[in-house]
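Every number for a ligand or one of its atoms is a count from 1 in the order of the listing. The structure displayed is predicted, hence computed values, not measured ones.
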Amino acid sequence: MTVPASVLLVCLGNICRSPTAHAVMQSGLDERGWHHIDVDSAGTGDWHIGHAPDPRTQAAAAERGYDLSVLRARQIETEDFYRFDLILAMDEQNLVDMQVLQPAGSPAELALFLAPVSGFGSAVPDPYYGGEDGFQRVLNCVEAGVAGWLNRWEKGG
Ligand code: 4NP
């Protein structure tokens, strides 16, 4: 793929990992002045539709300078597979769930968010039922993943 015009970041609940990735990617795009790339996030599940990001996620992200407070969870919908050039899954289950949902012939490319990065495994671990260290791990993975994609796009895709 060349540089995408639009990227959707997807996890299970859209209150921990994907909103973190959303804010970190938006921050990286803003720093570079790349206003031609649209970013959004969504969850495969419906439990948290309309909710702000988890307070633990917001607190951990705020410590690193990312404001997640304006984000609200939504569930991925069929239209997203036509609207977004690239849809990135936080873990393998998110990817499989989206492969099932993706309409045949829809143009979105699906990939794992950590695909361009080595040293972090393939999944951003779900922090929801764990301790504080899980939220730091999410941020470490997300910052590495975003840097990986931005580097790739800097080179033209
Ligand atoms: P996320 O974390 O997928 O990173 O937003 C989760 C949030 C909520 C739940 C699971 C994971 N939940 O089961 O409600």
Is the number of heavy atoms from other residues, nucleotides or ligands within 6.0 Å of CD (E79) greater than 12?
-> no
Indicate whether the side chain of D97 and that of Q93 have a donor and an acceptor atom separated by less than 3.5 Å.
-> yes
Is it the case that Q26 and D30 place a side-chain donor and acceptor less than 3.5 Å from each other?
-> yes
Please could you name the atoms of ligand 1 that I15 approaches to less than 4.0 Å, counting only its heavy atoms?
-> 5 (O), 7 (C), 8 (C)
Numbered in order shown, the ligand 1 atoms found under 4.0 Å of a heavy atom of C16 are 1 (P), 2 (O), 4 (O), 5 (O)
Shortest protein contact, [atom] (heavy atom only):
atom: atom 10 (C) of ligand 1; result: L12 CD2, 3.7 Å
atom: atom 1 (P) of ligand 1; result: C11 SG, 3.5 Å
atom: atom 2 (O) of ligand 1; result: D126 OD1, 3.4 Å

Ligand 1 versus N14, non-hydrogen atoms closer than 4.0 Å: side chain, backbone, both, neither?
-> backbone
Closest heavy-atom approach to atom 7 (C) of ligand 1 among F135, Y128, Y129 is made by Y128
Measure from NZ or CZ of R56 to the centre of the six-membered ring of Y128 and say whether it is under 6.0 Å with the direction within 45° of the ring axis.
-> yes
Derivation and outcome, salt bridge (charged side-chain N to carboxylate O under 4.0 Å, His left out), residues R74 and D80 = CA-CA 11 Å; R74 72 175 183 89; D80 290 319; 2.9 Å; yes
Test item, H48 contacting ligand 1 (heavy atom, 4.0 angstrom) | yes
Any side-chain heavy atom of W149 within less than 4.5 Å of one from V7?
-> no
